[in-house]
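These numbers come from the heavy atoms of this one structure, side chains and all, not from hydrogens, waters or symmetry mates. Proteins come first, then strands; the chains are lettered A, B, ... in the order of their sequence lines, and each starts at number 1.
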Amino acid sequence: MANLRDITMSGRDEQEFSIHWIQDVVDRVLARDVDDYLISAGKSPSGRIHIGILRELIVCDVIKRRLVERGKNARTMFVIDDYDPVRSFPPSTSLSLDKYAGVPYSDVPDEFGCCESYGAHWANELIETFPEFGIDPKIVWTSKLYETSEMLEEVRICLRKTETIRDIMVEYVARDFNEEQKQQYTEGMKTWFPASIVCPNCGRLQSGVKGGIEPNRVTEYDPNTDEVSFACPGCGHAATLPLSDVRIKLTWRVDWPAKWHLFKVTCEPAGKDHAVKGGSYDTGLEVSRRVFGWKGPVKVPYEWVQIGGRDMATSEGIVFIPKTWLEIAPPELYRFLMLKTDLKRTINIQPDRIPDLVDRYERFERSYYGIDNPTDEERELAELLYPLSEAETPSEHFIPKLSYKFAIVTSQLEALLGKEVVLERCKEAVRKQHDIEELCPETISHIPIRLSRARAWVSEFGSERDQIQVTEEVPQDVRQTLNEQDREFLATMLELLKGQPKNDEELQTAVFETAREIGMKPRRAFTVFYRLLISRKSGPRLGPLLNLLGPDWVAQRIESIL
RNA sequence: GGGCUCGUGGCGCAGCUAGGUAGCGCAGCAGGCUUUUAACCUGACGGCCGCGGGUUCAAAUCCCGCCGAGCCCGCCA
C-alpha cells in the first residue's frame with residue numbers, strides 16, 4: 001500500500017497513485033467499460049465451508065460497492081459447485097465414501113436430513129451468514145445450472161471445439177513436463193473430450209478417490225447427430241445417447257470459462273491454488289479467448305486465510321466457519337481484516353486476539369467519526385475502509401459500544417449477579433467510558449450481543465487468565481512481591497474479614513480506609529489483593545469479588561501467606 | 001526440481017513501489033485517575049530490521065547469493 005498522503009493530494013475520484021489494493025482492482029475492472037458488471041466467486045461444497053471463502057466474497061462485495069458508487073450497474077454472484085463429484089469426505093461424516101465417491105454433491109443425501117442434499121447442506125450453512133456479513137450475492141447452483149438449455153449450449157460449443165481445447169491443455173498442463181511425460185500426455189489427449197457423464201446406471205461422474213480418479217469421460221461426440229458416447233469405469237455401463245438426454249459436466253478447466261462466458265463475468269477473484277501461473281485460471285482465460293472468443297474476467301489473485309497460523313483444511317477437520325466467527329466477534333471486524341490486508345498476504349485469524357482486535361476496530365471507528373483527534377492519515381484510511389467494512393451504511397453519528405474487554409469480565413458475572421444487574425452495570429460503564437448522559441437505543445440493544453459474544457469467546461478461546469478463576473494456592477512469585485507494609489495491610493484486613501459480615505460497598509470502602517490508615521497508597525492495596533486472589537494486578541471490582549469468594553475463604557487465603 | 005510469499009523488540013504487525021536518525025498495537029514494568037467490574041490516561045524499558053556480499057555520501061528499503069518458514073505445481077476439483 002502506498003502512502004496515505006497520496007489520497008489527500010489527488011482527491012478521491014481521480015487517483016494517480018493507488019493508495020490501496022481496492023483502487024487497483026476497481027480500476028482494472030472499470031477498464032472493461034461494460035454496461036453490467038458482474039463480480040463472481042465460487043466454491044465446491046465438499047464439506048463444512050470454512051471462513052476463508054468469505055475473503056473472496058468480501059472482495060467481490062467491495063468491488064461491487066465501489067462500482068455502484070461510481071454509478072455503474074454492478075452485481076455479485078456466488079456459484080456453488082454442487083455438481084462436482086465427491087472425491088473425499090471429511091472425517092466427521094457418517095456417509096460411506098465407497099457408496100458416494102464420484103457422485104455429484106447434489107445427488108448425495110444430507111446426512112442431517114434438513115437440506116436437499118449433502119452439497120446444499122454445507123452451502124446453506126454458509127449462505128445463512130451472508131446477511132450479517134453484509135453480502136448478498138445471487139446464488140447459482142451448478143447442479144441446476146447444468147439442467148438449463150443455455151448451459152447445454154455452452155457444453156455443445158466446447159464439444160465442437162474439442163480440438164482447440166486439447167491444444168490448450170497440452171500447452172498449459174504439459175508445460176513443465178519432461179519430454180517423455182509430454183509425449184505421453186499429448187498421445188493421451190488425442191482421444192480426450194472435455195466433459196464427463198453422470199452414469200445413468202450408477203450415478204457417478206467418476207470412479208475412485210483422491211489419487212486414483214477415473215472420470216466417466218465422453219469417449220466420442222458426433223456433431224452431426226449431437227450424440228455422446230461413454231463407458232463408465234465404475235460399473236462398466238456404456239452407451240451412445242443424444243446430448244440432450246444425458247447429464248453431462250464439463251471438465252473443471254473448461255467448466256469455469258464456460259460459466260464465465262454464459263454469465264459474462266467481468267471479474268472473479270481466485271485463491272492461490274487456482275491463480276498460480278499456468279494454473280486453472282490461466283487455462284480458463286485461454287479457453288475463453290480461443291473457444292468462446294472473448295477476454296474472460298479480470299483475474300484477482302488473493303492469498304488464503306489461516307486460522308491460528310495454520311491453513312484450514314476441510315478434509316483434515318481444521319475448520320473455522322463464519323457461523324463461529326459471528327458467535328464470538330462482530331462481522332464488520334472480519335470485513336475490516338480482509339480489507340486492510342494486501343491481497344497477496346496471508347491473513348492469520350487468531351481467535352485468542354479477538355478482544356484486542358475488536359477494541360482496535362472501535363478505535364478505528366472513532367477515527368471515522370472524527371472522535372479522539374485522529375491524525376489525517378487515520379482519518380483518510382477510515383474514510384475509505386470504514387464504510388466498506390460495515391455490513392450496512394454507517395449511521396450519521398457514532399454509536400458507542402460496550403468495550404469487549406469489559407464484556408469479557410461482566411459476561412462471566414451474569415450467573416452470579418443476574419442479567420439485569422449486569423446490563424445496568426454495562427450501561428453505566430459505557431456512560432462512563434464515553435462520558436455521556438443518555439445512551440441511544442442502538443447502544444443499549446448492542447450490549448446483550450456483545451455480552452453473548454464475549455461469553456462465547458471466553459469459553460471457546462479464552463485462556464485461563466481470561467476466566468475469572470482463582471488458583472488453588474497463592475503462587476510463589478506472587479508471595480515474593482509482597483513487602484512488610486503489604487503484609488501489615490493484609491493482616492488488618494484479615495481482622496476485618498473475621499468480624500461482622502459486610503456488604504460489597506462496605507468492603508470496597510474498607511480497602512481504601514485500611515490502606516490510608518497504615519499510610520499505604522490505595523492503588524497498591526488493590527494490587528496486593530488482586531495478586532493474592534487471582535494472580536493479576538487488577539481485576540473485577542474488589543468489594544463484590546471478596547464477597548463472591550466468601551470472607552472465610554479470603555481469610556484463609558491471607559493466612560496462608562502471612 | 002520449478003514458482004510464489006514471508007522473515008523488523010516477548011507476541012502480532014506497519015514502514016520497502018519513489019533509499020535519508022526504526023514505528024504502532026498487545027503483553028510485561030512503573031505511575032495516574034483521592035472507591036478500579038482486566039476499562040481509561042501517562043512514563044520508562046525493550047530491536048546489529050534472518051545472514052553475507054554489492055551499489056550509494058547514505059540501505060529495513062535497491063541488486064546478487066545464502067539460510068529459515070509457509071504455500072502452489074499429474075489426474076481430479
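Counting only N and O atoms by type, the side chains of Glu286(A) and Tyr172(A) include a donor and acceptor under 3.5 Å apart. Side-chain atoms of Glu303(A) and Thr346(A) form a donor-acceptor pair, as typed in the model, at a separation below 3.5 Å.
Pairing of C40(B), defined by two Watson-Crick or G-U wobble distances under 3.5 Å, is identified with G32(B). Look at U21(B): it lacks any Watson-Crick or wobble partner with both distances under 3.5 angstrom. In this structure, G65(B) forms a base pair with C51(B), meeting either the Watson-Crick or the G-U wobble geometry with both donor-acceptor distances under 3.5 Å. Nucleotide G9(B) has no partner under the Watson-Crick or G-U criteria, as no pair reaches both atom distances under 3.5 Å.
G74(B) sits 49 Å from C57(B) when the P atoms are compared, rounded to a whole Å. Separating the C1' atom of U36(B) from that of C71(B) is a span of 47 Å, rounded to the nearest Å. A gap of 11 Å separates the P atoms of G2(B) and C66(B), to the nearest Å. On the P atoms, G7(B) is 9 Å away from C13(B), given to the nearest whole Å. Comparing the same atom, P, in U5(B) and in C48(B) gives a spacing of 28 Å after rounding to whole Å. C16(B) and C63(B): their P atoms are spaced 14 Å apart (whole Å). Distance check on atom C1': A39(B) versus C45(B) gives 24 Å, rounded to whole Å. As rounded to the nearest Å, A14(B) and C76(B) have P atoms that lie 38 Å from one another.
Atom CG of Asp282(A) is separated from atom P of C73(B) by 14 Å (rounded to the nearest Å). In this structure, Asp273(A) places its CG atom 13 Å from C1' of C76(B), rounding to the nearest Å. In this structure, Lys272(A) atom NZ and U5(B) atom C1' are separated by 8 Å, rounded to whole Å. Remark: P of G10(B) and CZ of Arg353(A) are 14 Å apart, rounded to the nearest angstrom. The separation between Tyr118(A) atom OH and A77(B) atom C1' is 14 Å, rounded to whole Å. With rounding to whole Å, Arg524(A) atom CZ is found 18 Å from C33(B) atom C1'. Between the CD1 atom of Ile213(A) and the P atom of C76(B) there is a distance of 9 Å, rounded to whole Å. Counting to the nearest Å, the P atom of G12(B) and the OH atom of Tyr361(A) are 25 Å from each other.
Side-chain atoms of Asp84(A) lie closest to A77(B) of the nucleotides U34(B), A77(B), A38(B). Distance from the side chain of Trp304(A) is smallest for C72(B) among the nucleotides U34(B), C72(B), A77(B). Distance from the side chain of Lys344(A) is smallest for U5(B) among the nucleotides U5(B), C71(B), C76(B). Relative to the side chain of Arg253(A), the nucleotides A77(B), G12(B), U35(B) differ in distance, and A77(B) lies closest. The side chain of Phe406(A) approaches A38(B) more closely than any other nucleotide in the set C76(B), C71(B), A38(B). Minimum atom distance to the side chain of Tyr185(A) is reached by C75(B), of the listed C75(B), G12(B), A38(B).
The residue His434(A) sits apart from the nucleic acid: no heavy atom pair falls under 4.0 Å. Using a 4.0 Å heavy-atom distance criterion, Gln206(A) is classed as a sugar-phosphate-only contact. At a threshold of 4.0 angstrom between heavy atoms, the contacts of Val173(A) are confined to the sugar-phosphate backbone, with no base atom among them. Contacts of Glu214(A) with the nucleic acid, taken as non-hydrogen atoms under 4.0 Å apart, are absent.
The number of heavy atoms from other shown groups lying within 6.0 Å of CD (Glu424(A)) is above 12.
For the OP1/OP2 pair of C76(B) and a distance below 4.0 Å, the side-chain nitrogens and oxygens of Thr251(A) include at least one atom meeting the criterion. At A14(B), one or more side-chain N or O atoms of Arg345(A) fall inside 4.0 Å of OP1 or OP2 (strictly under the cut-off). When the side-chain nitrogen and oxygen atoms of Arg217(A) are compared with OP1 and OP2 of C76(B), one or more of them lie within a distance under 4.0 Å. Contact check, Thr346(A) against G70(B): no side-chain N or O comes under 4.0 Å of OP1 or OP2.
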- Message: Checking Tyr100(A) against Tyr105(A) for the ring pair (Phe, Tyr, Trp, His ring centres under 6.0 Å) test, could you report, in this order, the C-alpha distance in whole Å, the side-chain angles of both residues, the deciding distance, and whether it holds?
- Response: CA-CA 9 Å; Tyr100(A) 294 111; Tyr105(A) 289 115; over 10 Å; no

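A salt bridge does not link Arg363(A) to Asp359(A): none of the charged nitrogens lies less than 4.0 Å from a carboxylate oxygen.
Taking each heavy atom of Asp282(A) and Lys299(A) in turn, the nearest pair found is OD1-NZ, 2.9 Å.
Place Asn348(A) and Arg360(A) on RNA chain B by their nearest nucleotides, and Asn348(A) ends up nearer the 5' end. Remark on RNA chain B: of its neighbouring residues Phe512(A) and Asp255(A), the 5'-side contact belongs to Phe512(A), judged by nearest-heavy-atom nucleotide.
Taken to the nearest 0.5 Å, the CD1 atom of Ile213(A) stands 11.0 Å off from the CG atom of Leu205(A).
The distance between the ring centers of Trp252(A) and His274(A) falls below 6.0 angstrom.
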